[in-house]
Peer 1: 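Here you go, one structure.
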Amino acid sequence: MESMRDMPGKPHIDTSTSGQSNKGVPEELLQQWESVANQMRAEIGEASYQSWLRPMTVRSMENGVVTISVPTRFMRDWATAHYQDRMTELWRTANTSLKGVEVVVHSAPSAETADTPVKRSPVGSAATVREQHRDDLSAPLDGRFTFDQFVVGKPNEFAYAAARRVAEADSVPFNPLFLYGGVGLGKTHLMHAIAGHIRQDQPERTVIYMSAEKFMYRFVSALREQNTVDFKQQFRSVDVLMIDDVQFIAGKDSTQEEFFHTFNALVDQGRQIVISADKSPSDLEGMEERLVSRLNCGLVADIHATTYELRLGILQSKAHKLGAEVPAKVLEFLAHKITANVRELEGALNRVVAHSQLVGRDISLETSQDVLRDLLRANDRRVTIEEIQKQVASHFNVRISDMHSARRARSVARPRQVAMYLAKQLTSRSLPEIGRKFGGRDHTTVMHAVRKVEELREHDTTFNEDVELLRRMLEG
Ligand code: ADP
Ligand code: MG
């Protein structure tokens, strides 16, 4: 778990972290920034705020353009892609003469190359140090995600066998193990199962499990705190490194670079690496060629979409665990109707069971249909984000890759916003999920896109017709 940083409160304007001060900046500007930063904090959440906004230093306002500086190029690119539009919008409500917000890199010595001495580990027995180190770095494991609880069927038997192999071996059977498959098909479950199994059977091995997103945040914090030596050291003394949802760092160049080095160092020392992603290494867009080829070197195992048999098996197992009497007819009905992924399937079953307990009545087909009406409807009309991206790209004559790219030219940004808007309208995906499907964008970017498209639809008839046409084609 990431340690809690400072208590929430006022945004940290005099950023001691970056060693930059606001000397000479008009008080009025600082106040506007404080208000913008506070609103952003409410929108993007504490963790993102701490990682991205807190290191910002407001510099000046000239000709209506506010300049904000950040410690590294990477942060500048990220902030520009994810927060610049929204900051500008918010700032404009405080100061109508504002034309734009520009994010630049501090001219101070680059943190990216700064070397700092390695901090000493606390004294203690090897085991406590190892545990402490692990708990500092690794995300907690979900106790329910074990091999026992994983229902095996045709679509996942290969991935399951590979995962078991890695968990049971005391050496490194293949490196890396790369698990991939669509959302909600059990990648995280298998990763936790591997980690839990090794920790139990071979406590002397340090297992670190974390999301790629967390890896990136940590890396960025290390850059900010000029602690990159420490960062490297931490990862490079790990026996088993597991990074979940690695598609998240595709296109994030400096994180990818660091990951690549960490990866190589560990492989060279014969340590095990396990990675998951939503696509195969070769299909991950924005991944560097040499990283792709290294990822392809080990064992690549995919989890396919569920089959009816697997869904039914999972439902039976879960119903049994819930200790609920669910008629076979209802399980079959669910296995037939809820096909998107296992997470949704589980959710549907939980709802049906919870409802029956709440009203104190037995579960029947009728009540199940009733309780799940919205879910069933969504599953009937199952348009995927990928389909939306494809249709929208072809309609506006841009490349599908532009849906994920960081390009901000209006000719690609607008179609991308339309696709995000349609994804929100036509699928049941959450804003963060949609953001992830669009090159790992923040949920606020999606929110902004939705608002923007709504606004345009009101004022621009041609545009409105375009969007309506797309919607009908996708729904039809
Ligand atoms: P992913 O990481 O691929 O998006 P998760 O591992 O989070 O998916 O799985 C989503 C949910 O479905 C979890 O609660 C997980 O326990 C459950 N699940 C997925 N596949 C299986 C399976 N084969 N057997 C039992 N539960 C499963
Ligand atoms: Mg997952």
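Both counts, for ligands and for their atoms, begin at 1 and track the order of listing.
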Peer 1: Is the cationic atom of R294 (NZ for Lys, CZ for Arg) positioned less than 6.0 Å from the six-membered ring centroid of F260 and within 45 degrees of its normal?
Peer 2: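 Not satisfied by the 6.0 Å and 45° rule.
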
Peer 1: Test of understanding: given a 4.0 Å heavy-atom threshold, classify the contact between R144 and ligand 1 as side chain, backbone, both, or neither.
Peer 2: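 Neither part.
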
Peer 1: CD/Q391 to CG/L470 distance, rounded to the nearest 0.5 angstrom?
Peer 2: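 Answer rounded to 0.5 Å: 6.5 Å.
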
Peer 1: Using a heavy-atom cut-off of under 4.0 Å, does the side chain or the backbone of I314 touch ligand 1, or both, or neither?
Peer 2: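 Side chain only; the backbone of I314 stays clear of ligand 1.
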
Peer 1: Compute whether any side-chain donor of one residue and acceptor of the other, for R408 and Q84, lie under 3.5 angstrom apart.
Peer 2: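 Short answer, yes.
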
Peer 1: Cation-pi check, K252 to F248: give yes when NZ or CZ is under 6.0 Å from the six-membered ring centre and within 45° of the ring axis, no otherwise.
Peer 2: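 Yes, cation above the ring, under 6.0 Å and within 45°.
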
Peer 1: Check the side chains of R311 and T306 for a donor-acceptor pair under 3.5 angstrom, ignoring hydrogens and angles.
Peer 2: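 A pair is found: one side chain offers a donor N or O, the other an acceptor, under 3.5 Å apart.
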
Peer 1: Atom OG1 of T445 and atom CE of M447: how far apart are they, to the nearest 0.5 Å?
Peer 2: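 It comes to 9.0 Å.
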
Peer 1: Can you tell me the protein heavy atom closest to atom 8 (O) of ligand 1 and the distance?
Peer 2: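 Closest protein heavy atom to atom 8 (O) of ligand 1: G186 N, 3.1 Å.
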
Peer 1: Number the atoms of ligand 1 from 1 as they appear, then name those within less than 4.0 Å of a heavy atom of G182, with their elements.
Peer 2: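 Those atoms are 3 (O).
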
Peer 1: What protein heavy atom is closest to atom 16 (O) of ligand 1, reported as residue, atom name and distance in Å?
Peer 2: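 For this ligand atom, the closest protein heavy atom is H189 ND1, 2.6 Å.
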
Peer 1: Return yes when at least one N/O/S atom of S276 is nearer than 2.8 Å to the Mg ion (ligand 2), and no when none is.
Peer 2: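 No, since none of the N, O or S atoms of S276 sits under 2.8 Å from the Mg ion (ligand 2).
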
Peer 1: With a 4.0 Å cut-off, would you call R86 and E43 a salt bridge?
Peer 2: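 Yes, R86 and E43 are salt-bridged.
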
Peer 1: Looking only at protein heavy atoms, identify the closest one to atom 7 (O) of ligand 1 and say how far it is in Å.
Peer 2: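 Checking every protein heavy atom, the shortest distance to atom 7 (O) of ligand 1 gives R343 NH2, 2.9 Å.
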
Peer 1: Check each atom of ligand 1 against the heavy atoms of Q149 and keep those under 4.0 Å away; list them by number with element.
Peer 2: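 In order of numbering, the contacting atoms are 24 (N), 25 (C).
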
Peer 1: Can you find an N or O of V151 that's nearer than 3.5 Å to an N or O of ligand 1?
Peer 2: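 V151 vs ligand 1: N/O contact under 3.5 Å present.
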
Peer 1: For atom 26 (N) of ligand 1, which protein heavy atom lies nearest, and how many Å away is it?
Peer 2: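 Sorting protein heavy atoms by distance from atom 26 (N) of ligand 1 puts K318 NZ, 2.9 Å first.
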
Peer 1: Between H189 and F145, how do the two ring planes meet: parallel, tilted or perpendicular, split at 30° and 60°?
Peer 2: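 Parallel, since the angle between the ring planes stays under 30°.
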
Peer 1: Quick check on contacts: which atoms of ligand 1 are under 4.0 angstrom from a heavy atom of K187?
Peer 2: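 The atoms of ligand 1 under 4.0 Å from a heavy atom of K187 are 1 (P), 2 (O), 3 (O), 4 (O), 6 (O), 8 (O).
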
Peer 1: Of all the atoms in ligand 1, which lie at a distance below 4.0 Å from a heavy atom belonging to V342?
Peer 2: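 Atoms satisfying the 4.0 Å criterion: 12 (O), 17 (C), 18 (N), 19 (C), 20 (N), 21 (C), 27 (C).
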
Peer 1: N/O of L185 under 3.5 Å from N/O of ligand 1, yes or no?
Peer 2: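 Checking ligand 1 against L185, an N or O pair does fall under 3.5 Å apart.
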
Peer 1: Using a strict cut-off of 4.0 Å, indicate which atoms of ligand 1 neighbour a heavy atom of E346.
Peer 2: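 Per the distance check, 11 (C), 12 (O), 13 (C), 14 (O), 17 (C).
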
Peer 1: Give the atom numbers and elements of ligand 1 that come within less than 4.0 Å of a heavy atom of T188.
Peer 2: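 In order of numbering, the contacting atoms are 1 (P), 2 (O), 6 (O), 7 (O).
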
Peer 1: Would you mind listing which atoms of ligand 1 come within a distance below 4.0 Å of any non-hydrogen atom of N156?
Peer 2: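 By the 4.0 Å cutoff, the relevant atoms are 23 (N).
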
Peer 1: Less than 4.5 Å apart, side chain to side chain, heavy atoms only: is that true for F147 and L190?
Peer 2: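 F147 reaches L190 side chain to side chain.
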
Peer 1: Please determine, by modelled atom types, if K321 and Q149 share a side-chain donor-acceptor pair under 3.5 angstrom.
Peer 2: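 On atom types as modelled, these side chains qualify, holding a pair under 3.5 Å.
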
Peer 1: Under a 4.0 angstrom heavy-atom cut-off, which atoms of ligand 1 come close to V183?
Peer 2: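 In order of numbering, the contacting atoms are 4 (O).
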
Peer 1: Would you say G184 and ligand 1 have an N/O pair spaced under 3.5 Å apart?
Peer 2: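 N/O-N/O distance under 3.5 Å: yes.
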
Peer 1: State plainly whether the residues R451 and E454 are in salt-bridge range, i.e. N to O under 4.0 Å.
Peer 2: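 No, no charged N to carboxylate O under 4.0 Å.
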
